[in-house]
Amino acid sequence: MLPEYLQGIARVAVDAAVSASPMAHRVRERLPQAQWDILADGEHLEPGYVQEAVLYLKQYKGRFVRPCPGTSHYQCCGYQIIHIGENCPLRCSYCILQAYFQDRVLKVWANQDDLWQELERTFTENSRQRFRMGTGEFTDSLVLEPLTGYSRDLVGFLRAYPQVCLELKSKVVDLSWMEAAHDPTRVLPAWSMNAPEISAREEQGQCATLEERLRAARTCAQAGFRVCLHFDPIILFPGWEAGYARTIEMIFDYLTPGDIAYVSLGSFRHMPDLKRHIAQNFPQSSYIYGEFITGLDGKQRLLRPLRVQQFRFLVQGLRQGGLDRQLYFCMESNEVWQAVLGRTPRDFGGLYRYLMDLAFEGSN
Ligand code: SF4
């Protein structure tokens, strides 16, 4: 049975070049009621369709593997993206995809053979290099999994490449990829964490609850996987301390520090354009009107003392639960690192290397 957020897909458009692909067959089997349109080479989806109700299986012609865009002037983690599609049927008010893409059509790159070839080339040309990769940058890694089985395919493909650690970042629970994993130390299932109030109010469209995410994380940990947690975006609201303290307490109800590969912390930040989208699409979301300044990278961030206050509070709670080495900041300055954690990425050879070591720490 498909989750409700996928049951509304009334139409599947597919590029003729991939209409006979295994991905197209699979989706057709799982969405038998949907209208099925084949687009000839060069043909585009016509404007005016109901965006959320369309799934587009596309022959993707760009690069599948690319560095995470990160940000200039701040400490970046050197993660590599495996690009499998665009957009997401869930509705988080703060979602960056609103500003990235012009439409909300769910796109899946169905020419998987081209992806496999590019990955194979990347790994054989760099056979001595380790890779920390993930699919959760331009879509949620697992949100379309019941339809596409993409992560399961990817996990299966990567079994031949032990130099790769794949992170699957999500706000839903789908563990069907687990049985394709040959070595649990090479897959890092990851879930977003937030204060319960923010999760309930700002993560709409049937995201799993925090408890459901943590229960799934525990299932993964019991099967030998280590999980990642992402507190991003941390948002200021009246009573934020109590809210985040509750989530931290919940984390340790379900997981031990040894179950966790790393935890990222990122305060709400945005390009000016995103604020406009949030104001328009989620008029009740008031956190966009906080005390922001323009950072060195052009993004709006909370004033540094406020960010430090947020981070100190979360770090203290997470340290009390036994996490320390696993904590890192997403796109923060050395000053903030030093003020909160008492160390900077320079102290351990750079964030890229540090996270790579943490990702591979459980290696067999
Ligand atoms: S789950 Fe992630 S990708 Fe989907 S709407 Fe929320 S923030 Fe955006």
Side-chain angles (χ1 to χ4, degrees), residues 2-9 51-56 66 68-69 71 79 81-109 134-148 150-151 167-175 177 188-214 216-217 227-235 247 264-271 273-285 287-288 299 330-331:
L2 288 176
E4 214 175 296
Y5 62 80
L6 295 179
Q7 289 174 20
I9 297 177
Q51 298 189 347
E52 287 89 341
V54 178
L55 175 70
Y56 182 14
R66 49 173 83 179
C68 176
T71 200
Y79 174 78
I81 296 164
I82 302 178
H83 196 19
I84 60 168
E86 287 173 1
N87 273 323
C88 172
L90 304 177
R91 281 178 61 74
C92 302
S93 67
Y94 50 74
C95 182
I96 182 71
L97 301 184
Q98 299 170 91
Y100 275 0
F101 304 123
Q102 302 203 332
D103 63 49
R104 294 205 57 217
V105 175
L106 302 171
K107 300 184 188 108
V108 173
W109 311 151
T135 51
E137 189 67 19
F138 301 117
T139 181
D140 177 289
S141 295
L142 297 172
V143 75
L144 296 182
E145 192 65 11
L147 267 187
T148 65
Y150 221 125
S151 295
E167 183 175 333
L168 298 172
K169 198 188 305 183
S170 190
K171 283 200 184 78
V172 299
V173 171
D174 184 309
L175 301 181
W177 52 268
L188 296 170
W191 280 275
S192 308
M193 291 284 114
N194 221 309
E197 295 86 340
I198 296 296
S199 183
R201 214 164 47 215
E202 310 294 345
E203 297 174 349
Q204 302 166 16
Q206 299 181 333
C207 294
T209 63
L210 295 170
E211 285 89 347
E212 287 166 339
R213 298 176 209 178
L214 287 167
V227 303
C228 309
L229 302 176
H230 297 290
F231 275 99
D232 201 347
I234 302 168
I235 287 177
T247 300
S264 73
L265 301 164
S267 182
F268 175 67
R269 59 206 174 278
H270 63 90
M271 292 306 287
D273 211 27
L274 180 61
K275 183 173 175 178
R276 185 172 56 79
H277 287 281
I278 298 175
Q280 194 178 312
N281 298 336
F282 302 94
Q284 69 286 17
S285 296
Y287 59 87
I288 51 174
K299 286 188 180 166
C330 188
M331 301 183 203

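A quick note: this is a predicted structure, and the numbers were derived from the prediction, not measured. Just so you know, ligand 1 is whichever comes first in the structure, and atom 1 is the first atom listed for that ligand.
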Closest protein heavy atom to atom 2 (Fe) of ligand 1, given as residue, atom name and distance to 0.1 Å: K171 NZ, 3.8 Å
What part of V143, side chain from CB on, backbone N/CA/C/O, both or neither, has a heavy atom under 4.0 Å from ligand 1? neither
Within the 6.0 Å centroid threshold, strictly below: W191 and H230: no
List the closest protein heavy-atom neighbour of atom 8 (Fe) of ligand 1: residue, atom name, distance to the nearest 0.1 Å. C95 SG, 2.3 Å
Which heavy atom of T247 sits nearest to which heavy atom of N194, and what is that distance? OG1-O, 2.7 Å
Check whether the ring centres of Y287 and F268 lie less than 6.0 Å apart, and answer yes or no. yes
Near D140 (heavy-atom distance under 4.0 Å), the atoms of ligand 1 are 1 (S)
Give the atoms of ligand 1, by number and element, whose distance to some non-hydrogen atom of L90 is under 4.0 Å. 1 (S), 5 (S)
Pair S264, D232 - check side-chain hydrogen bond (donor to acceptor under 3.5 Å, both in side chains), show working. CA-CA 7 Å; S264 73; D232 201 347; 4.9 Å; no
Would you say atom 6 (Fe) of ligand 1 has C92 as a near neighbour, meaning an N/O/S atom of that residue under 2.8 Å away? yes
For L97, the atoms of ligand 1 under 4.0 Å from one of its heavy atoms are 3 (S)
Would you mind checking which non-hydrogen protein atom is closest to atom 4 (Fe) of ligand 1, with the distance to 0.1 Å? C88 SG, 2.3 Å
Can you tell me if S170 and S141 form a side-chain donor-acceptor pair at under 3.5 Å? no
Work out which heavy atom in S285 is nearest to a heavy atom in I288; give both atom names and the distance. O-CG1, 3.6 Å
